[in-house]
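Have a look at the structure below, then the notes.
Proteins get letters first, then strands, A, B, ... in listed order; numbering begins at 1 in each.
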Amino acid sequence: MTAVHDKSTDAPVDVTDPRLSRFEIVKEGARRDEIEIVTYESQFPGVDSKAEKRVVRNIALLFLIAGVGGFAFLGFYIWWPWRFELGDTLSDYYTPLLGISLAVSLFGVGFGILAWAKKLLPHEVSIQQRHNDPSPSEEQIITGQTILFVGDELGQGVQRRPLLKGAIAIGMAPIGLAAAAPLIGGLIENPHKADPPIMFSTGFNKAHNGGNLVRLTRDDGSPIRPEDVSTGGQMTVFPGIPGGATNEWADSPTLLIHLRPDDAELTRTNANSDTRNKDSMWGDYVAYSKICTHAGCPASLYEQQTNRLLCPCHQSQFMITKNAQPIFGPATRRLPMLPLGVDEEGYFVAKSDYKDTVGPDFWERP
Amino acid sequence: MKRKKVDLAQAPITFAKGVDERYKAATPLRGLLNKVFPDHWSFLLGEIALFSFIILLLTGVFLTLFFDPSMKEVAYEGPYSALRGVDMSAAYESSLRLSFEVRGGLFMRQMHHWAALLFMASIVVHMCRIFFTGAFRKPREANWAIGVVLFLLGFLAGFTGYSLPDDGLSGTGLRIASAIMLSIPVAGTWISASIFGGEFPGHLIIGRFYIAHVLLIPGGLLALISVHLGLVFAQKHTQWPGPMRTNTNVVGERMFPRYALKQGGFFMAVFGTVALMAGLFQINPIWLFGPYRASEVSSASQPDWYVMFMDGLVRLMPNWQIYIGDYSIPPLFWPAVVGLGALTTVPMFYPWIEARRLKDKQVHNLLQRPRDNPERVGIGAMSLAFFLVATLSGGNDVIADKFHISLNAMTWAGRIGLLILPPLAYYISVRVCLGLQQHDREVLAHGVETGIIRRLPNGQFMEVHQPLGPVDDHGHPIPLEYGGWVVPKKMNRVGALAPAIKGFFFPVEKPAEAPVSPGMPPVSGKDEREEITTGH
Ligand code: HEM
Ligand code: FES
């Protein structure tokens, strides 16, 4: 590419010369920034051309639309009924109207400015030199040596004076630790300190009920009799302790299922051949933890036909009749079974806490 | 009277002088006004990310004025009757208040959420453009790495934000996050207990996420975006190859007035788009999900799109548990901790890996057309295919439901797809690139296909080619060298392009006639330049 030199750029320009036009001074500035303005030409054939006038009218129109949109936004914002009411009301349109009017006004400004820049301002092609080659090697050497000099002064100074070295190490280390201590010390929690340990117990542990067996309750705290769950039905139950149905006891929600007799038979056989689940059913009723052993979502989709429990989060599936063993999906561990019983008053209780660990898996689970 | 007028006109000059005497601003300011920017539509993708970040800051500050990051239980008494009397956290209640009782609050909430989705989307597309055009090569490797960190920070910002309203979906997300922490070998239970302040969910997590979401993460983003843009500014933008453009110059427009004005207009247009989406399309209707309860989940609960690939990977992971004595590593660990870790760190090193493989130590200021580096395109296509399969699998229950496919079949399709499609994408895209390269070279050697069939005296048919450059004595084109940019392949692309029709809504001028003889070589620049004027 042959760079065509503009005659005017070769000679130094005296920018105080009153005969220079403003653009000539701009060009001189560009030259000093190593920019060559190659073209800077109007998009229109002549001054005040018909085309130009039309473009100007269109841009003006866009700005006017922006103004109208802005006023409309304010109008809607102030006067449109906005208070929420249930049902089909005018207030349902409040947000859409705000969105549309604000968008109209912002598009008006945006496209107005874009049209102005693109259609009205002269087209330009400029070439700037990058000058991104590295510093001269001499400069590199000087700076490098300066850095090394600083290192020498501090580093070798310490090398030569072992006392200083030891003292700095002994003095600085505690300061670093002291800075980290409040953050770590304040945040750290021992997951295994509580008794019973939180990782291995739920609200069905007797310790939370003054040593008495814990009842199974609905989320309003009312206890449950066997006849409350119809055959083939299921119910989400919680430990019958204060706040048992709240997120305080996020590991405790349990699914109580009343199996059909033949399913129950199968389930019982499988449960009784397992050391932990042995004798955990009560009649045709079985209770499994609802907290998925994969990542802790409630495994809440119970398919009556197939006796599968599906977790909606990552689709692990558990076989109700086979100790809730996972049969598909990413879960590796079965859902723990809650040992069921019925107290003297005829309400469901947990004969003990879960024997398997409830919830997502972790490193030190036995 | 007269004196006053003179003073007024003189005022800005006096002021400017005063400023310069104090700050010595004249020279740097001129440099700034004059800085030349190259232009291409794909350079706007990063700008969309920047603008949506600004919108996020603006709307986010509004939300903080009403949001209460507390997990205290309260009973709902507000106007949304379906939830009246329900116990919920103060955080959820204040989000409901924002949606129903703050004038324009719902609009702001939706604007914030849409801007977040747009932010992440534009980062991903921007990353693709950087990747496929080789803009990350020396000297811009560090800016690429910063970009990857920006994606990770954006991901964290999105996740913490999604958790704040404490509705059913946020709680489910938090529950999974806690399980992910638990899955880390040795320290898992300690990490989870420390972050949640005890057992999940505890009472602290919303408050902690709040400060991370409104201060720590945005602070980090702001700092890194500043460095990112500072580097773009200092190193100057890359440009496509083309006439006049070399590795040592920038061809474009000076920043002021036209370039800056266009940026301003574009910002308004992006802002308008977000406002329109926020007004018309409901997003995250938290009142439908109810407060978070550990025992409840709505099916088809989906995270935001940029988290879905994680969710998909977690779904596809087979149930492989590793036992080490009395200890074990759950399968969740691999996709969620190792996977996310690798996906956000390995790409950071790509520029150095590629440079090493190609033994490339050059400085590159000219972009590469994707086809000119087929292997890079292959790697990119492979990653995109992986991301796509993972993301789709994150919604595989919805797909299974909509199209009546068995869920298990979807999971298996995802597992197989994740292994097979990426290599396939690699192979196909490399072939496509090579094919395109070859076609370019053919056109440069023989000219453009004209579609004109000529019958030779011996009866043979042949297609007439229009040479792109000079011809030799026999009329055969002299092969041209490939310049790294578009090779015209259609007759109407040859010669001068017909100028675009002028006029905003309808043409105001007749389009100029395209030259009848497409003889002018399009692959070289215009050589003679005219003396320039102001254009007016
Ligand atoms: C917070 C999000 C981000 C913002 C606000 C942002 C903004 C920008 C802007 C405005 C530019 C200049 C225009 C352009 O080249 O498109 C740019 C350039 C660049 N961005 Fe980003 N970006 C973001 C994320 C990313 C990501 C995720 C990557 C890659 C992983 C990335 C890598 C780069 C690189 C290497 C450049 C220099 C490109 C060049 O000079 O051609 N950025 N960014
Ligand atoms: S949480 Fe149940 S499958 Fe992942």
Subject >> E364(A) and T189(B) side chains, donor-acceptor separation under 3.5 Å >> reply: yes
Original post:
For M111(B), is it the side chain, the backbone, both or neither that has a heavy atom under 4.5 Å from a heavy atom of chain A?
Top reply: side chain
Original post:
Who wins among V251(B), L182(B), D87(B), V250(B) for the most heavy-atom pairs under 4.5 Å with chain A?
Top reply: V250(B)
Subject >> Minimal non-hydrogen separation, S194(B) against I188(A), with atom names >> reply: OG-CA, 3.4 Å
**OP:** Mind ranking D326(B), L332(B), V314(B) by heavy-atom pairs under 4.5 Å with chain A and telling me who comes out on top?
**Re:** V314(B)
Original post:
Picking from I35(A), V26(A), V109(A), which has the most non-hydrogen pairs under 4.5 angstrom with chain B?
Top reply: I35(A)
Original post:
Non-hydrogen atoms of chain A under 4.5 Å away: do they reach the side chain of P331(B), the backbone, both or neither?
Top reply: side chain
Original post:
When you measure from the side chain of R130(A) to the backbone N and O of H237(B), does any donor-acceptor pair fall under 3.5 Å?
Top reply: yes
**OP:** Flag the one option from T248(B), L33(B), L204(B) with the top tally of heavy-atom pairs under 4.5 Å to chain A.
**Re:** T248(B)
**OP:** Run the salt-bridge test on R258(B) and E124(A) with the 4.0 Å N-O cut-off and return the result as yes or no.
**Re:** no
**OP:** Please flag which part of N396(B) lies under 4.5 Å from any non-hydrogen atom of chain A: side chain, backbone, both or neither.
**Re:** side chain
Original post:
For E101(B), is it the side chain, the backbone, both, or neither that has a heavy atom closer than 4.5 Å to a heavy atom of chain A?
Top reply: backbone
Original post:
Picking from A245(A), A295(A), P360(A), G69(A), which has the most non-hydrogen pairs under 4.5 angstrom with chain B?
Top reply: A295(A)
**OP:** I would like to know whether F238(A) and S295(B) meet side chain to side chain contact (heavy atoms under 4.5 Å, CB included); could you show each step before the answer?
**Re:** CA-CA 9 Å; F238(A) 304 89; S295(B) 57; 3.5 Å; yes
Original post:
Non-hydrogen atoms of chain A under 4.5 Å away: do they reach the side chain of T273(B), the backbone, both or neither?
Top reply: both
**OP:** Spell out, as yes or no, whether a donor-acceptor pair under 3.5 Å connects the side chain of E189(A) to the backbone of G198(B).
**Re:** no
**OP:** Just give me the residue among Q282(B), R175(B), M317(B) that pairs up with chain A most often, heavy atom to heavy atom, under 4.5 Å.
**Re:** R175(B)
Original post:
Quick one: what part of F196(B) sits under 4.5 Å from any heavy atom of chain A, side chain, backbone, both or neither?
Top reply: neither
Subject >> Aromatic ring pairing W190(B)/H192(A), orientation class (parallel under 30°, perpendicular over 60°, tilted between) >> reply: perpendicular
**OP:** Sort out for me which of M71(B), H203(B), M277(B) touches chain A most, counting heavy-atom pairs under 4.5 Å.
**Re:** H203(B)
Original post:
At a heavy-atom separation under 4.5 Å, does I322(B) approach chain A through its side chain, its backbone, both, or neither?
Top reply: neither
Subject >> Residue, of E253(B), R30(B), K262(B), Q235(B), that accumulates the most heavy atom pairs under 4.5 Å with chain A >> reply: R30(B)
Original post:
Given that the side chain runs from C-beta out, which part of R208(B) has a heavy atom under 4.5 Å from chain A: side chain, backbone, both or neither?
Top reply: side chain
**OP:** Against chain A, label F281(B) side chain, backbone, both or neither, depending on which of its atoms sit under 4.5 Å from a heavy atom there.
**Re:** neither
Subject >> Check: Y94(A) side chain, F107(B) main-chain N or O, donor-acceptor pair, under 3.5 Å >> reply: no
